[in-house]
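Order of appearance sets the numbers: ligands from 1, and atoms from 1 within every ligand. Because the structure is a prediction, the values reported are computed rather than measured.
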Amino acid sequence: MKLKIAGTVKESVVDGPGIRFVIFTQGCPHNCVGCHNPKTHDPAQGTVTTTEALLAEIANAKLIRGITFSGGEPFLQPEPLTIIAEQTKAFNLNIVTYSGYTFEKLLVMAASDKAVERLLKHTDLLVDGPYLEAERDISLAFRGSRNQRLVDVKKSLVSGHAVLWSPTETDNGI
Ligand code: SF4
């Protein structure tokens with residue numbers, strides 16, 4: 001399946017726990033002031049690739065512990081990302097997804113959009129919410145502003161509200 005990306009990073013250590021293959025999707029509606037990645041906003045820009053091509057790259061990335069979907073806004077392209085998530089789970093890789101939407105907003109979207117629901121369910125760790133310049137904090141792990149949360153999606157879907165990710169526990173668990 002085709003998808004539009006801004007690029008990939010084969011071995012990142014800043015986009016979630018451990019060494020990760022990162023897919024930066026193209027297109028973002030949030031327009032956060034101070035966004036670190038403005039080139040990803042325009043859905044007409046970027047590069048068209050396929051899930052098959054990305055999965056071949058991931059299969060060759062032997063050191064990685066997981067996949068990160070970043071952006072741009074990954075939930076604009078939930079179908080191809082879900083295919084990648086499903087296939088990479090077979091390699092025992094975990095999934096981190098960044099979104100400018102909050103977990104609560106994604107739950108509402110998922111209620112009427114099966115593709116959003118599937119991508120959310122395949123995500124282990126969600127970094128949620130827009131980047132807010134006034135909340136900027138460079139000491140935070142994996143995110144840029146204090147309003148953004150690290151959400152343990154599996155636990156959150158069971159409990160029906162956002163359960164924050166515990167680094168020690170999830171380090172072993174995802
Ligand atoms: S959600 Fe992310 S990519 Fe989109 S504008 Fe905000 S910081 Fe930039």
Side-chain angles (χ1 to χ4, degrees), residues 2-49 51 54 57-58 66-85 94-113 115-153 156-157 162-165 167 170 174:
K2 288 181 181 175
L3 70 159
K4 202 84 173 289
I5 64 168
T8 61
V9 173
K10 289 182 174 52
E11 292 175 1
S12 166
V13 294
V14 296
D15 297 288
I19 301 173
R20 315 189 63 80
F21 187 96
V22 185
I23 299 171
F24 292 94
T25 59
Q26 184 69 28
C28 183
H30 301 295
N31 284 315
C32 305
V33 175
C35 170
H36 61 293
N37 225 349
K39 286 184 181 169
T40 65
H41 293 186
D42 184 354
Q45 300 295 311
T47 305
V48 176
T49 185
T51 52
L54 290 170
E57 278 193 65
I58 290 165
I67 311 297
T68 294
F69 301 137
S70 188
E73 172 52 63
F75 280 92
L76 291 186
Q77 303 183 81
E79 293 96 345
L81 297 183
T82 297
I83 289 172
I84 292 169
N94 57 56
I95 304 293
V96 172
T97 305
Y98 283 73
S99 179
Y101 297 115
T102 61
F103 174 73
E104 291 78 9
K105 174 66 178 173
L106 287 169
L107 278 185
V108 172
M109 292 163 65
S112 60
D113 187 332
V116 168
E117 181 186 30
R118 290 179 71 211
L119 180 56
L120 192 58
K121 282 185 172 172
H122 279 84
T123 296
D124 296 294
L125 170 59
L126 175 74
V127 186
D128 85 336
Y131 170 74
L132 297 179
E133 191 88 313
E135 297 291 325
R136 181 172 186 262
D137 185 343
I138 59 169
S139 71
L140 299 169
F142 315 137
R143 61 211 193 279
S145 60
R146 282 182 291 272
N147 62 295
Q148 294 173 310
R149 300 173 297 182
L150 305 180
V151 178
D152 184 323
V153 177
S156 300
L157 290 175
V163 176
L164 297 186
W165 177 71
T170 311
I174 72 168

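- Listed by chain and number, Cys35 SG are the protein N/O/S atoms closer than 2.8 Å to atom 8 (Fe) of ligand 1, with waters left out.
- Dense packing is recorded around CZ of Arg146, with more than 12 heavy atoms of other residues, nucleotides or ligands lying under 6.0 Å away.
- Exactly one residue among Asp124, Thr25, Thr123 makes a side-chain hydrogen bond (donor to acceptor under 3.5 Å, both in side chains) with Thr97. That residue is Thr123.
- Salt-bridge formation is detected for the pair Glu104/Arg149: a Lys NZ or Arg NE/NH1/NH2 atom is positioned less than 4.0 Å from an Asp or Glu carboxylate oxygen.
- Between Phe142 and Trp165, the ring planes lie tilted relative to each other; the angle falls in the 30° to 60° range.
- In this structure, Gln26 contributes its side chain and Lys39 its backbone to a donor-acceptor pair below 3.5 Å.
- With respect to Lys121, the side chain to side chain contact (heavy atoms under 4.5 Å, CB included) criterion is satisfied by exactly one of Thr82, Val116, Leu157, Val153: Leu157.
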